[in-house]
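When a residue number appears, it is its place in the shown sequence, counting from 1.
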Amino acid sequence: MIDEVAPEREPLPEEPIPARQPRGAARRPRRMRRARPTVRSGSLAVALAAAILIALALAFQGFARWAGEHPGWAVLLGLAAVPVLYALLRGMPHARELRRAARAGMAEAEADALAAPPVPVDEPVSPPARAQEPLPAADTFPPGPEEPTLAAPFHDGRTAPLPEPEAPEPYAPDPEPEPEAAVLTAAELGSVDLARLDFAALDPDTFEEAVAALCRRDGCADAETVGGAGDLGADVLATAPDGRRVVIQCKRYGPENKVGSQDLQRFGGTCWSVHGAQLAVLVTTSEFTAPAEEYAEASGIRCVDGTELTAWAEGTGPAPWGPGATLR
């Protein structure tokens, strides 16, 4: 028998042994093996799918029953659901592409982070210690300018000189308080000489009573005060000796406060129409402004200022209804 000689086998190529990587070097990411589906996971998926189908069937059955009872609402709901389902079906491929792109980007970012070399951290370098130089002796300093004294003014170009203190203001005593206005009743005014009465020193109510007393003294026996809240501009009502109805408004003002056109306008709006005046008079302890005098002349209201009031009380001037009284 002839011995068969086995053919010689070719030697396998020797693969180079990979060198051991030093610590800190970047490592390649390991590929993760996909887990093979098992029988257990397949049964769970089938059970989950069956449960979903049963739930959908029950939901559809309930919806069909409700739609049979409410056909109008069912049609509206179906029309509203059509665009929503269309948008969902159309957006599913785009969502899949976006998820794939996101996964690919995350994988590339992780690979780049692993392949990047470590960044060396520089240790802080402490500054070299400087040798402390000895201070020069006092005799080695060059002579400088003399220091300024407080006796002579010193200006270095950077400091502004302080201003001289101002002289204190002379002492001024507090102004004396104004005297309180006198308060008198109608009975007390009956025993007072009206010619010597200071009308500016009276309070507003007493001033009205004094004007009413003047009216009674000069022939208006029924003169009375009606001033107060809701008087509508009338403070004194009287009947003149010739029978005219007199309506008087009293303004006790100081010398710095004049009666303006607004006061005349308010009085003129009520004296004729509300109080039925046949003679309207405004008496004040002060003066009237030029616009107020123009309005009074145009509307027929007689104005009595502080000077004319004093003359009326002293008897040197006429009463508002007298022959010498004029419109202003």
Applying side-chain contact (heavy atoms from CB on, under 4.5 Å), run through Cys215 and Ile248 and close with a yes or a no. CA-CA 10 Å; Cys215 293; Ile248 303 175; 3.6 Å; yes
Ignoring hydrogens and geometry, is there a side-chain-to-backbone donor-acceptor pair from Arg302 to Ala280 under 3.5 Å? no
State, yes or no, whether a side-chain contact exists between Asp205 and Thr225 at a heavy-atom distance under 4.5 Å. no
Side-chain (Arg217) to main-chain (Ala313) donor-acceptor, under 3.5 angstrom: yes
Scanning both residues in full, the closest heavy-atom pair of Ile301 with Trp272 reads CG1-CZ2, 4.2 Å
Which atom of Asp203 lies closest to which atom of Arg252, heavy atoms considered: C-CD, 3.8 Å
Is a donor from one side chain sitting under 3.5 angstrom from an acceptor on the other, for Thr239 and Asp222? yes
How many angstroms lie between CG in Leu279 and SG in Cys271, if you round to the nearest 0.5 Å? 9.5 Å
For residues 66-82, run the donor-acceptor check on the side chains, cut-off 3.5 Å, and write out each pair with its distance to 0.1 Å, sequence neighbours left out.
unit_1: Trp66; atom_1: NE1; unit_2: His70; atom_2: ND1; d: 3.3
unit_1: His70; atom_1: ND1; unit_2: Trp66; atom_2: O; d: 3.4

Could you note down all residue pairs passing salt bridge (Lys or Arg N to Asp or Glu O under 4.0 Å) where residues 259-273 supplies at least one of them, sequence neighbours left out? Asp263-Arg266
Could you go through Leu56 and Ile52, starting from their C-alpha distance and side-chain angles, then the distance that decides it, and tell me whether this counts as side-chain contact (heavy atoms from CB on, under 4.5 Å)? CA-CA 6 Å; Leu56 291 175; Ile52 294 174; 4.0 Å; yes
Determine whether Val281 and Trp321 satisfy the following criterion, side-chain contact (heavy atoms from CB on, under 4.5 Å), listing intermediate values before the conclusion. CA-CA 9 Å; Val281 184; Trp321 53 85; 5.9 Å; no
Donor-acceptor pair, distance only, cut-off 3.5 Å: does the side chain of Thr284 make one with the backbone of Lys251? yes
How long is the span from the CD atom in Gln61 to the CG atom in Leu58, to the nearest 0.5 Å? 6.5 Å
Could you check whether any side-chain heavy atom of Ser286 comes within less than 4.5 Å of a side-chain heavy atom of Pro255, counting everything from C-beta outward? no
Could you walk me through whether Leu197 and Leu202 pass the side-chain contact (heavy atoms from CB on, under 4.5 Å) test, one step at a time? CA-CA 9 Å; Leu197 184 64; Leu202 304 177; 3.9 Å; yes
CD of Gln265: more than 12 outside heavy atoms within 6.0 angstrom? yes
Keeping the roles fixed (side chain from Thr270, backbone from Leu232), state whether a donor-acceptor pair exists under 3.5 Å. yes
Indicate the atoms forming the closest heavy-atom contact of Ala277 with Val247, along with that distance. CB-CG2, 3.3 Å
Which distance, rounded to the nearest 0.5 Å, do you find between the CZ of Phe288 and the CD of Glu294? 14.0 Å
With no hydrogens and no angle check, is any side-chain donor or acceptor of Thr285 less than 3.5 Å from a backbone partner on Phe199? no
Which residues share a side chain to side chain donor-acceptor pair (under 3.5 Å) with Asp218, sequence neighbours left out: Trp312
Heavy-atom donor-acceptor pair, Asp235 side chain to Cys250 backbone, under 3.5 Å: yes
Looking only at heavy atoms, which two atoms of Leu309 and Phe207 are closest? And how far apart? CD2-CE1, 3.7 Å
What pair of heavy atoms forms the shortest contact from Val236 to Glu208, and how long is it? CG2-O, 3.8 Å
